[in-house]
> 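Okay, handing you the structure first.
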Protein chains: 2
Amino acid sequence: MTKKAGHAGVKKATSPGLRGRIWIDGEEGTFLGYGRIILLERIREHGSITRAAKSMEMSYRHAWELVDSMNRQSARPFVELATGGKGGGGARLTTDGEKAVRFFWKFYGDFQGFLDKEKKVLDKFMNDKEKT
Amino acid sequence: MTKKAGHAGVKKATSPGLRGRIWIDGEEGTFLGYGRIILLERIREHGSITRAAKSMEMSYRHAWELVDSMNRQSARPFVELATGGKGGGGARLTTDGEKAVRFFWKFYGDFQGFLDKEKKVLDKFMNDKEKT
DNA sequence: TATCGTAATATACCAAAGGGAATAACGAAA
DNA sequence: TTTCGTTATTCCCTTTGGTATATTACGATA
């Protein structure tokens, strides 16, 4: 049995390791998180929720709900939706959406740095314990 | 309807805020996390899994599983269990358990500091966005 | 006006996690 | 040897988050 990762991109380690998740809360709960950011990037890449969802093995329904949630919680939408028209419509990342993506990755990078730093403390702690 | 907090101690904020969870992974997945640490403290306080679980509105079954998981994943058990005997038995935090608790709170405190620091970056970002 | 692939929405279904309750096992002390 | 409250274990139920599927709405373009 292959153990399924609990959350997008978060894999299991072989031995004691520091893990964490970070996100930004809005009025309705989660506003921005790792999975949502990936989704935004896929939308930018594919131009539609349908294909973006497919590309990351997410159901369209779930993807649409995430996009809707982000659009509702941000002052201006992150994703511009078009229904009907050429190609049946589509989805486009707005400049606000772009900014959100960039901001989150900065945040995320800082967090990874934090974890790396703390990892050393953990290793030291584990050594001390062994010696007891 | 009152929205239930997603996880122990993690409350909802009124406006955009940074949130996160950290934990330590072991061979079987989660090894140490916020809820497990609270549980260890309650066990130290009450001397039994039963009363510890009750004190934090957790089912005995769940609490036992968490304790068992921690004991299996640590070189030496964090909780010493006694079945039968005076008072029917009980649970006692070992010195390794004590150390784990202290270590986690240090880790946790650092993380809170990290979030506070990043919060300022977020606020700045939000202002910039408004001005656009 | 007919077409096309998408957004938008509703319904049914599924699986995992956890809760609750019931019961057996246990062993020191009276 | 009986008692006692706990650990240990099992079974069933509910909840929950998500998938799968089906249907409707849409509107630029040919």
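Chain letters run A, B, ... following the sequence lines, proteins first, then strands; residues in each count from 1.
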> Under 4.0 Å between any heavy atoms, over every strand shown, what does B/Thr50 touch: base, sugar-phosphate, or nothing? Just pick one.
base
> Kindly indicate, with the supporting measurements, whether the criterion side chain to side chain donor-acceptor pair (under 3.5 Å) is fulfilled by B/Arg36 and B/Thr30.
CA-CA 10 Å; B/Arg36 291 172 185 232; B/Thr30 301; 5.0 Å; no
> Taking N or O atoms only and anything under 3.5 Å, show me the protein contacts with nucleotides 26-30 of chain D, one pair per line.
{"unit_1": "D/dC26", "atom_1": "O2", "unit_2": "A/Gly84", "atom_2": "N", "d": "3.0"}
{"unit_1": "D/dG27", "atom_1": "O4'", "unit_2": "A/Gly85", "atom_2": "N", "d": "3.3"}
{"unit_1": "D/dG27", "atom_1": "N2", "unit_2": "A/Gly85", "atom_2": "O", "d": "3.2"}
{"unit_1": "D/dG27", "atom_1": "N3", "unit_2": "A/Gly85", "atom_2": "N", "d": "2.8"}

> Please confirm whether the backbone N or O of A/His46 pairs with a side-chain atom of A/Arg51, one donor and one acceptor, at under 3.5 Å?
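Checked: pair present.
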> Starting at atom CE of A/Met56, determine the distance to atom C1' of D/dG18, rounded to an integer number of angstrom.
14 Å
> Side chains of B/Val79 and B/Met70: does their closest heavy-atom pair fall under 4.5 Å?
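They are not in side-chain contact.
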> When you get a sec, tell me which of C/dA7, D/dT7, C/dT6 is the closest nucleotide to the side chain of A/Leu81?
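Side chain of A/Leu81 sits closest to C/dA7.
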> Which residue pairs satisfy the salt bridge (charged side-chain N to carboxylate O under 4.0 Å, His left out) criterion with at least one member in residues 55-69 of chain A, sequence neighbours excluded?
A/Arg61-A/Glu65, A/Asp68-A/Arg72
> Does some side-chain heavy atom of A/Glu118 sit less than 4.5 Å from a side-chain heavy atom of A/Leu115?
no
> Identify the two heavy atoms, one from A/Trp23 and one from B/Arg21, that lie closest to each other, and give their separation to 0.1 Å.
CH2-CG, 3.7 Å
> Classify the ring geometry of A/Phe107 against B/Phe114: parallel below 30°, tilted from 30° to 60°, perpendicular beyond 60°.
parallel
> Looking only at side-chain N and O atoms, does B/Trp64 come under 4.0 Å of OP1 or OP2 in D/dA8?
yes
> Under 3.5 Å between N/O atoms: give me all the protein pairs with nucleotides 16-18 of chain C, atom names plus distance.
none

> Is it the case that over 12 heavy atoms from other parts of the model lie below 6.0 angstrom from the NZ atom of B/Lys86?
no
> Can you tell me the distance, in whole Å, between the CZ atom of A/Arg72 and the P atom of C/dA8?
12 Å
> To the nearest Å, give me how far apart NZ (A/Lys54) and C1' (C/dT6) are.
11 Å
> How do B/Tyr60 and A/Ala63 order along DNA chain D: which one's closest nucleotide is nearer the 5' end?
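The residue closer to the strand's 5' end, by nearest nucleotide, is B/Tyr60.
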> Grab the NE2-P distance between A/His46 and C/dG5 for me, whole Å please.
17 Å
